[in-house]
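Below is one structure, written out as structure tokens; comments come after it.
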Amino acid sequence: MEILWGKSHYTPPYTVQKMAADLELLPVWYGGAGSFTLVRNVKSSQFISSLPKEFRPHLSSPMILNLMMKELYKRKKAGEKPKLPPLTSSSWGVSPRSIATFNELKQAGMDIEVPEWKDEYATLTGRQTAAVCLKRLQEIFPITPSIEIPEFFSEVDALEKYVLKNTPPFVIKTPFSSSGRGLYWLSEKQLDNRAVSWINGALKKQGAVSIEPALDKTLDFAVEFYSDGQGDIKYVGLSIFETQAQGQFVGCMLGTQELLLQRLNDFISPEDYMFLVEQVRIVLKETLGSSYTGFMGVDMMIYKTSEGNYAIHPFVELNLRYTMGLVAMQFSRQFVYPGSHGLLRIIYLYDMLKEHQRMQLSSPLFLENGRIRSGYMSLCPVVSDTHYMAMVDIFE
């Protein structure tokens, strides 16, 4: 929504602000040693000292934004240089607002490289780009059975004609949304008042909606990539995630890449999987390899056809940002004991502290060789007013 709004002073809804505040420390788990994670709450930095000492050398260091700003301006006024090496900024997702935050530090005197906002990022972030990539992928890599390309509409009447001509069920999507939000499931061959109301609201906010056949999903997974902005895109790994029936994100599997691939190999051979990855990489390289720098994830799906066979939707969505799948992958490599598995989840509860304390008692953390063999752990501080939690639950 921030990218759709297109301004650095966009104010998210309260629930989004609360989630961002409760989960602001999440990047310490993937930033890596020697990096800094910008936070606003002092309690976030205190949380690190409560973690197992074996973890601390591998974590990013919290940097409290307002305290750093004061220190920078103090040194700037005194003509002194900041006590930091040259830095490069990296946000969860590039946007006018995230760039503005890093530019504030730069203006205060920090030696930090900050990317420039490009108008094409807004186009690349929308679902239209995923539809273009899917079409191109089917041109260079004929998929059996073929997947219908999502169609976009700016008027209810035109969308209704599509519904009448095609076979339900359908899923209607807003161009800008994530984590399974911005979706409307239509099981009938008509638009009732509720559907029309939802569509009109979406059109008013975003100007268009897409529609495509709803598939009988069996498994959600994503292929993660990194683009260097110079035309090269590298495969990073596989993530497998869970969603609710209506598509809302639940969590990501934890475990080695071999374990995740084994789960996927129930439906696709290792050779066919890597061939698919290469075709998707080629399409991404053509589409954004020279314009976008950073991580991204391509959501895919194993689904069951009307004949009862399993098939792959190879390009459901393009997430032009860091993803929870990447967090799960990094966390698994660094902190999960080989052979163990589990789930990384984002959950919401009004009384999160009570649930956190219950989980600590019922599933205590057990480490071996500095990694989690089993147990529960919150990845961010949980206090009396916490409502959102990033947690891992690991089993042998």
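Bear in mind that the values here come from a model prediction, so they are computed numbers and not experimental data.
- Shown here is R56, whose CZ atom has more than 12 heavy atoms of other residues, nucleotides or ligands within 6.0 Å.
- The minimum heavy-atom distance linking Q138 with I149 is given by the pair NE2-CD1, 3.7 Å.
- If you check the side chains of S340 and E396, you find no donor sitting under 3.5 Å from an acceptor.
- Around atom CD of E139, more than 12 heavy atoms belonging to other residues, nucleotides or ligands sit under 6.0 Å away.
- Side-chain contact of R127 with S177: a donor-acceptor pair under 3.5 Å is present, judged by distance alone.
- A salt bridge is absent between R371 and E54; no separation between the charged side-chain nitrogens and carboxylate oxygens falls under 4.0 Å.
- Using a 30° and 60° split on the angle between ring planes, F55 and F335 fall in the perpendicular class, above 60°.
- Using cut-offs of 30° and 60° for the angle between ring planes, the F225 and Y235 rings count as perpendicular.
- Counting only N and O atoms by type, the side chains of S89 and K106 include no donor and acceptor under 3.5 Å apart.
- Side chains of D22 and T386: a donor-acceptor N/O pair is absent below 3.5 angstrom, by distance only.
- Under 3.5 Å, the side chains of S98 and S95 contain a donor-acceptor pair of N or O atoms.
- The ring of F275 has its center closer than 6.0 angstrom to the ring center of F141.
- A donor-acceptor pair shorter than 3.5 Å can be found between the side chains of T37 and S60.
- For the 3.5 Å distance criterion, the side chains of E224 and T323 qualify, holding a donor opposite an acceptor.
- For the residue pair N200 / S197, no side-chain donor-acceptor distance below 3.5 Å is found, with atom types taken as modelled.
- E2 and Y10 form no side-chain donor-acceptor contact under 3.5 Å, judged by distance and modelled atom types alone.
- Annotation: Y30 is in aromatic contact with Y322 [ring centroid separation under 6.0 Å].
- The two residues L26 and C380 come nearest to each other via the heavy atoms N-SG, 3.7 Å.
- Outside the 6.0 Å centre-distance limit, the rings of Y303 and H313 are not counted as a close aromatic pair.
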